Amino acid sequence: MKSLAETEQEIIDDFTFFENWEDKYNYIIEIGQQLPSLNDKYKIDELRIQGCQSSVWLHCSEKDGRIYFEADSDSVFVKGEIALLIKVMSGKLPDEIVNAKLGFIDTIGLRQQLSMTRANGLASMIRRMKQFAAGA
Amino acid sequence: MKSLAETEQEIIDDFTFFENWEDKYNYIIEIGQQLPSLNDKYKIDELRIQGCQSSVWLHCSEKDGRIYFEADSDSVFVKGEIALLIKVMSGKLPDEIVNAKLGFIDTIGLRQQLSMTRANGLASMIRRMKQFAAGA
Amino acid sequence: MTAETIRSLTNEEISLIRKEFPVLQQKIYGKPLVYFDNAATAQKPDAVIKSLTEFYSEYNSNIHRGVHFLSQKASDAYEQVREKVRNFIHAESESEVVFTRGTTESINLVAQSFGKAFVTEGDEVIISAMEHHSNIVPWQMMCEERKAVLRVIPINEKGELLTDELEKTLNSKTKIISVVHISNSLGTVNPVKKLIAQAHRREVPVLIDAAQSIAHEQIDVNDLDCDFMAFSSHKMLGPTGVGVLYAKRKWLEALPPYQGGGDMISGVSFEKTTYNEIPFRFEAGTQNIADVIAFGTSIDYLQSLDRKRLLFYEHQLLSYATERIKEVEGIRIIGTASEKSGILSFLIKGGNAMDIGMYLDTQGIAVRTGHHCTQPVMNFFKIPGTIRASFLFYNTISEIDIFIEALKKAARLFHKK
Amino acid sequence: MTAETIRSLTNEEISLIRKEFPVLQQKIYGKPLVYFDNAATAQKPDAVIKSLTEFYSEYNSNIHRGVHFLSQKASDAYEQVREKVRNFIHAESESEVVFTRGTTESINLVAQSFGKAFVTEGDEVIISAMEHHSNIVPWQMMCEERKAVLRVIPINEKGELLTDELEKTLNSKTKIISVVHISNSLGTVNPVKKLIAQAHRREVPVLIDAAQSIAHEQIDVNDLDCDFMAFSSHKMLGPTGVGVLYAKRKWLEALPPYQGGGDMISGVSFEKTTYNEIPFRFEAGTQNIADVIAFGTSIDYLQSLDRKRLLFYEHQLLSYATERIKEVEGIRIIGTASEKSGILSFLIKGGNAMDIGMYLDTQGIAVRTGHHCTQPVMNFFKIPGTIRASFLFYNTISEIDIFIEALKKAARLFHKK
Ligand SMILES: Cc1ncc(COP(=O)(O)O)c(C=O)c1O
Ligand SMILES: Cc1ncc(COP(=O)(O)O)c(C=O)c1O
């Protein structure tokens, strides 16, 4: 199994192909559209993270000492971001997750888009992921 | 007796000698210091015009169809302004006073100093003078 | 307004106007900015920006009680803006013009002060179903405090106010009506003059939220006969941080002060404090001097143009955009009132509003997405939000073309899904 | 601070600093401006003015809910200032920093919201006899509304707070204390840390009015342990129209909102409105975006200098002026506390304060005259007002010399009388 750092690097490598924000946007929409929908039974208020303009449902689980995440959103872009986060975080060891700096968000130039902090719940999502991992 | 317009012109003529604000200031202070004090019996609240930084007491009277003003202030500068106003307005006919445009205030370059509207009660004093003349 | 009598702006005129707005010269991701977020805030002409620089470089000073040159110059400039505002909205006297922080503060001021003076348990306040949160929450807070009731005039599917309902809602307990002139999420222009007359027949005062209309209508408070009006400088080409509360003299004189502090008093002692005259009684503390002065410049700028023609042109922009947007697959326009101002709210089938807003952003097009601080409107239409394009006279037909082509692409992108 | 460890500013440093302040380059009536009205408002360095121009020319936009480039850039810049303020005053978290319109609004916010939550009939609020009207009237208004009692800690003839009286005044009904850090009319520096500790032993929270101290002391809210602090941008080289309310998290979370409107809510419906988290809950409506950002630049500017040395130099200016002013015939200094900051209030025998202020104006010297929004202080000293010279680190010893010579002339002018 790849380490968290390795998956981060893969994403960074992927993104070097994109020259501008439009290309990145299209790619994120693409992977957002590919992310499987979350089972409706998890789309409940307890698992919901409220952003200002979109909702995210995050389901966390643990198996054999590793943490797994599934998630969904009404925004395809946010789903794309989730897909990236899941790629990096899901299936990793609790320690890795808790300590993840997630530098890739900066490196691939998404920080600016994520910085509309209150427009999407990404920061809260990362917090929830870490909280779950810390409790596991 | 000189008309109101004539006295205004006299003051304008006087002020042409002054080149700058300091000279004007000194002159106004000088005539302020020369203006006789108002009899204490008139320094009562009813005759008081409250500016933000100085008080003016204005006593109006009528004799033989002409209006007379006496006034005082705790500020010598304001007394100087008063002296100018009294020179222009006192002893004049009610009509002249009511219709006085007092253009000299602009012409002698005092408008700017008077425009700290709320720092002295000059505008209110003119209003009171006119009110008295209108009622006479 | 009819096309016969009013000439629209020519292309040359528009490009001359655009030259005065530095932000419009920006490129975003290498693409020319298309700024369609004017209902959120307007861009500023050079003159406004310059008047800030001038103030701070040449005569920055605190106002009112200062006897020195800079303070007098600043006080004069500040007080002149009151007269400019008076003239702009045709108020009777400049003492009816209170400077505030913005529309929101103006409305809070009235809600609180009017509430204290006139509202008691069981009284009623009327607003409409299309109000901005800034014209809802202050009244909710006041009504809760005073145990009064907030009543709401409903809207129809086109986003029009059901004015007949006002008559039914008005009653002897009604203390005040507060209603928006132009809806910021639907573009609806409300028949405020009629509403005011209707309320006045019952002797109920009316506050007009003119946040959107101030830049897009020629406002005459005298003709409207409104009791209060609230608007913000930043939506009419002026700086942020300044707004106006217009109120008829009789109301201003009847209202208790809102905030206490320097400048709003005539005498302070621990036993007894007396308040200054209007409008100063409502301006506590150091005012936003520089921005008020620059706000004056934005009024000068607007007055220097032929506003009738500007507004006519803005209507043309809206009509053109409304027509062309129908070419976009899956389009749904929210807000189809018969009287509309330059605001176009819509959704695209299958596309989340934020996703589409972000796509437009990749194309250098700035729109707003979300509930636009009018959640009750969104609830009424059972949607989470809309995409909103809002126009000002510096926008162009070719910007709308760019926008429509981008929307078509976005529609395809999310149609795949 | 001791002369041994801190080097004062050199003449070269001062003249470099002065070059950054365009207003200081002005001539007034042909004479170089001597600006000694810093307690009313400070002049702005080029960087602050430039950041306004940059905002309006490059990324003017409304913040928070926008998904487009300009809005994100503006939102980021705005929110970064919260962190700058936090760092400047050593607050624990940036969510303890609320942007307001100024000190006056910050105090009104606390008086109203704290009052609603915690003050009922018979409760007591303590202020001091040297407060600015902005720290008197809001409490008077609130106490009147809630039938609470305003109690006042007296001062002595030197203009010092009688701190022993605080102990006697504090009792189980005391709900809050609000006290000025540095008096704007006397220059007195109050021992606020001690006062706060004293209040906390009784579990009474304390608001510090830091309007004057924010530019003239190094503030550490953590070390002071104050519950609330209020100050204005315009007195610390930033623009007008912005201020800060710092409040400990536990208080901000306990206070009901002050104004209602956009941005301060999390959900609005006519049935139920829920409020946003802190600090946003207290920032209703469009904020003063440009000025907040420029305020950030003024903090950067202050941080870029060695503040210890600046403050030391300011003390030297005060000492020098206090010494030299004794040469003026008939001088009477108002405010002779043992701990003083760069404010020198005085009267000249036989001379009305305004007249002397105007004379100084003819010499290009800007001072303030009057009651300085502290009428109770004037009543205490049985004077209508004072002439006040207030210094900032860009002032110079030779400006003080010019000032003293002018005062001597003024004294002669009015001695004649
Ligand atoms: C001690 C003190 N408190 C409060 C204020 C009020 O500040 P502002 O007018 O900026 O609201 C001032 C400024 O005049 C002051 O000096
Ligand atoms: C209709 C309406 N009312 C009120 C407001 C609030 O204005 P501000 O945020 O400038 O206080 C706005 C602006 O968003 C608006 O569009």
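In what follows, every chain begins at residue 1, and chains take the letters A, B, ... in the order their sequences are listed. Only heavy atoms go into these numbers, but all of them, side chains included; no hydrogens, no water, no symmetry mates. It should be emphasised that the depicted structure is a prediction, and the values quoted were computed from it without experimental measurement.
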Heavy-atom neighbours of C/E58 CD exceed 12 at 6.0 Å: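 Atom CD in C/E58 is packed in, count exceeds 12.
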CD/C/E144: more than 12 non-hydrogen atoms of other groups inside 6.0 Å: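 12 or below, so no.
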[X] portion near chain D, given a 4.5 angstrom heavy-atom threshold:
{"X": "C/Q43", "answer": "both"}
{"X": "C/K50", "answer": "neither"}
{"X": "C/L33", "answer": "side chain"}
{"X": "C/I127", "answer": "side chain"}
{"X": "C/V152", "answer": "side chain"}
{"X": "C/V48", "answer": "neither"}
{"X": "C/D37", "answer": "side chain"}

So for [X], is it side chain, backbone, both, or neither that comes closer than 4.5 Å to the heavy atoms of chain C?
{"X": "D/M142", "value": "neither"}
{"X": "D/L109", "value": "neither"}
{"X": "D/I387", "value": "neither"}

Polar side-chain atom of D/Q112 near backbone of C/Q259 as donor-acceptor pair, under 3.5 Å: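 Here the side-chain-to-backbone pair does not exist.
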Verdict with supporting geometry, C/S134 and D/M264, side-chain contact (heavy atoms from CB on, under 4.5 Å): CA-CA 9 Å; C/S134 290; D/M264 58 73 76; over 6 Å; no
Flag the one option from [options] with the top tally of heavy-atom pairs under 4.5 Å to chain C.
{"options": "D/I136, D/V242, D/L52", "answer": "D/I136"}
{"options": "D/G260, D/P239, D/S71", "answer": "D/G260"}
{"options": "D/G102, D/G370, D/A211, D/G267", "answer": "D/G267"}
{"options": "D/H132, D/E105, D/H234, D/Q287", "answer": "D/E105"}
{"options": "D/N379, D/T103, D/V367", "answer": "D/V367"}
{"options": "D/S232, D/G243, D/A284", "answer": "D/A284"}

Steps toward side-chain contact (heavy atoms from CB on, under 4.5 Å) verdict (C/I28, D/H68): CA-CA 10 Å; C/I28 305 296; D/H68 59 81; over 6 Å; no
D/T100 side, atom OG1; C/R101 side, atom CZ - distance, nearest 0.5 Å: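 Between D/T100 OG1 and C/R101 CZ, I get 8.0 Å after rounding to 0.5 Å.
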Spatial distance of atom CD (C/Q375) from atom OG (D/S266) [nearest 0.5 Å]: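 The CD atom of C/Q375 sits 7.5 Å away from the OG atom of D/S266.
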Closest approach of [X] to [Y] (non-hydrogen atoms, all atoms of both residues):
{"X": "C/G261", "Y": "D/P138", "value": "N-CD, 4.4 Å"}
{"X": "D/K44", "Y": "C/Y56", "value": "CG-CD2, 3.4 Å"}
{"X": "D/I63", "Y": "C/R368", "value": "O-NH1, 3.6 Å"}
{"X": "D/A290", "Y": "C/T240", "value": "N-OG1, 3.3 Å"}
{"X": "C/D361", "Y": "D/F69", "value": "OD1-N, 2.9 Å"}

Step-by-step side-chain contact (heavy atoms from CB on, under 4.5 Å) determination, C/T41 to D/T286: CA-CA 9 Å; C/T41 202; D/T286 300; 5.7 Å; no
Test log, rule side-chain contact (heavy atoms from CB on, under 4.5 Å), inputs C/N108 and D/Y258: CA-CA 9 Å; C/N108 276 275; D/Y258 175 55; over 6 Å; no
